[in-house]
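Note on naming: letters A, B, ... go to the chains in the order of the sequence lines (proteins, then strands), and numbering restarts at 1 for each one. Because the structure is a prediction, the values reported are computed rather than measured.
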There are 2 protein chains.
Amino acid sequence: MRRDVFQAIADPKRREIIELLAKEPLTVNAIAENFNISRPAISKHLKILKECEIVDFKKEGRERFCFIKPKNLIPAFMWIDRYRDLWEDKLDSFEDYLAKLQAKNPSDE
Amino acid sequence: MRRDVFQAIADPKRREIIELLAKEPLTVNAIAENFNISRPAISKHLKILKECEIVDFKKEGRERFCFIKPKNLIPAFMWIDRYRDLWEDKLDSFEDYLAKLQAKNPSDE
DNA sequence: TATAAATGTAACCATTAGGTTACGCAAATA
DNA sequence: TATTTGCGTAACCTAATGGTTACATTTATA
């Protein structure tokens, strides 16, 4: 199974988890509260994120705090960023496009 | 099945296809020559990329030219870009990190 | 010490992914 | 006109995804 950043961010729930952890470290249950899927399902997503080295854990008593390792998102950023020139070439107005996109879809989801 | 940019770039072969098409439009066979999987497999990837609206086609005779629609990579870029601040906060030297990363892994793969 | 809380894991299921080979069909060519 | 070329698609396979429920384990608490 592929275990890289692109795999990590392929699933919308995993992206949401990343967004949550970008704000602050959270326990597994605290993460699960934000979703309507079972806690074991969250555990599975966390396991994949761990294998992709996007999150890591720190055990405190019976709790397990999850935190993000943001630098490991960089390869994905770098890959996509190579196409920035391409967009800028092809779009009449990149800025306008972004503005419209954000206006239409503020949460990017 | 999910059909969004993140799904499109989740597979390494599809990323390679995007890289090829970023340089120039290519026929299906021309794309397939770059891989060691069967042509139908390439067709499947192209179908997914089409559904994700990352590539489109233009038929010319019996050939089918594939071209990239780079602006549709923007949502992925925007999502990832939000974590740029996070990296910059957490890394001692962002520039050094990138330099090391590229030195270690020049093709980003 | 008995119990509740926080969590991982196993077993299971349906669907999708990613590949294959075999075949069909339209367009170009001999 | 017969054949090759450039594809798409169908049928099939195996493995991975993403979810579930049931249970085990460790740690805190009553």
Side-chain angles (χ1 to χ4, degrees), chain A residues 1-21 24-69 76 79 109, chain B residues 1-21 24-69 76 79 109:
Chain A
M1 30 183 149
R2 250 171 311 108
R3 286 298 181 245
D4 57 27
V5 197
F6 298 97
Q7 185 64 14
I9 66 175
D11 184 88
K13 299 234 170 75
R14 283 197 292 272
R15 288 200 298 281
E16 268 194 78
I17 292 175
I18 291 173
E19 290 179 41
L20 288 169
L21 295 179
E24 57 183 340
L26 292 171
T27 66
V28 177
N29 274 341
I31 294 171
E33 281 169 14
N34 294 272
F35 298 88
N36 55 0
I37 58 176
S38 68
R39 197 202 28 79
I42 297 291
S43 273
K44 282 198 178 183
H45 282 305
L46 288 172
K47 193 177 183 186
I48 291 174
L49 286 170
K50 161 77 173 172
E51 286 166 1
C52 297
E53 300 188 272
I54 297 298
V55 309
D56 207 346
F57 308 105
K58 183 162 184 278
K59 207 166 179 195
E60 286 187 15
R62 61 184 163 184
E63 288 177 319
R64 201 186 184 209
F65 278 86
C66 313
F67 59 92
I68 200 174
K69 293 165 69 177
W79 188 86
E109 271 298 327
Chain B
M1 24 176 152
R2 252 172 310 108
R3 286 300 181 243
D4 57 28
V5 197
F6 298 96
Q7 184 64 14
I9 67 174
D11 184 88
K13 301 234 169 74
R14 283 198 291 273
R15 289 200 299 280
E16 269 193 76
I17 292 175
I18 291 173
E19 290 179 40
L20 288 169
L21 295 179
E24 55 181 342
L26 293 171
T27 66
V28 176
N29 274 340
I31 294 170
E33 280 169 15
N34 295 273
F35 298 88
N36 55 1
I37 58 176
S38 67
R39 199 207 17 87
I42 297 292
S43 274
K44 280 200 180 181
H45 281 307
L46 288 172
K47 193 178 182 185
I48 291 174
L49 287 170
K50 161 75 173 173
E51 287 166 1
C52 297
E53 298 188 274
I54 297 297
V55 307
D56 208 346
F57 309 106
K58 184 161 181 280
K59 209 171 178 189
E60 288 188 14
R62 62 186 163 185
E63 289 180 319
R64 202 186 184 208
F65 278 86
C66 313
F67 58 93
I68 200 175
K69 292 165 71 177
W79 188 85
E109 271 298 326

_Between C1' of C/dG18 and CD of B/E51, the distance in whole Å_ = 14 Å
*Which of residues 27-34 of chain B have a heavy atom under 4.0 Å from DNA chain C?*
none
*Which heavy atom in B/L49 sits nearest to a heavy atom in B/A8, and how many Å separate them?*
CD2-CB, 3.9 Å
*Heavy atoms, side chains only, cut-off 4.5 Å: are B/E53 and B/V5 in contact?*
no
Review item, nucleotides 14-18 of chain D N/O atoms under 3.5 Å of protein N/O:
from, atom 1, to, atom 2, distance (Å)
D/dT17, OP1, A/R3, NH1, 3.0
D/dT17, OP1, A/Q7, NE2, 3.2
D/dT17, OP2, A/R3, NH2, 3.4
D/dG18, OP1, A/D11, OD1, 3.0
D/dG18, OP1, B/R2, NH2, 3.1
D/dG18, OP2, A/R14, NH1, 2.8
D/dG18, OP2, A/R14, NH2, 3.4

*CD1 of B/I42 versus C1' of C/dT21: gap in Å, rounded?*
16 Å
*May I have all residue pairs that pass side-chain hydrogen bond (donor to acceptor under 3.5 Å, both in side chains) and include part of residues 34-47 of chain A, sequence neighbours excluded?*
A/R14-A/H45
*Please name the pair of heavy atoms, one in A/Q7 and one in A/C52, separated by the smallest distance, quoted to 0.1 Å.*
CB-SG, 4.4 Å
*Can you measure from CD1 (A/I18) to NZ (A/K69) and round to the nearest 0.5 angstrom?*
12.5 Å
Protein and nucleotides 22-30 of chain C: nitrogen or oxygen contacts under 3.5 angstrom:
none

_Whole angstroms only, please: what is the CG-P distance between B/L49 and C/dG18?_
10 Å
_Closest approach of B/A76 to B/F6 (non-hydrogen atoms, all atoms of both residues)_ = CA-CZ, 3.7 Å
*Whole-Å distance between C/dT9 P and A/K50 NZ?*
12 Å
*Who passes side-chain hydrogen bond (donor to acceptor under 3.5 Å, both in side chains) against A/D56, sequence neighbours left out?*
A/K50
_Nearest atoms (heavy-atom pairs only) where A/R2 meets B/P12_ = CD-CD, 3.1 Å
*In Å and rounded to the nearest 0.5 Å, what is the CG to CD1 distance from A/L46 to A/I54?*
12.5 Å
_Quick check on DNA chain D: between A/N36 and B/K47, whose nearest nucleotide comes earlier from the 5' end?_
B/K47
_Under the rule for salt bridge (charged side-chain N to carboxylate O under 4.0 Å, His left out), what residues qualify as partners of B/E24, not counting sequence neighbours?_
none
*asked:* Can you give me the closest heavy-atom contact between B/I42 and B/I31, atom names plus distance?
replied: CG2-CG2, 3.9 Å
*Give a yes/no on whether any side-chain N or O of B/S38 is located under 4.0 angstrom from OP1 or OP2 of C/dG19.*
no
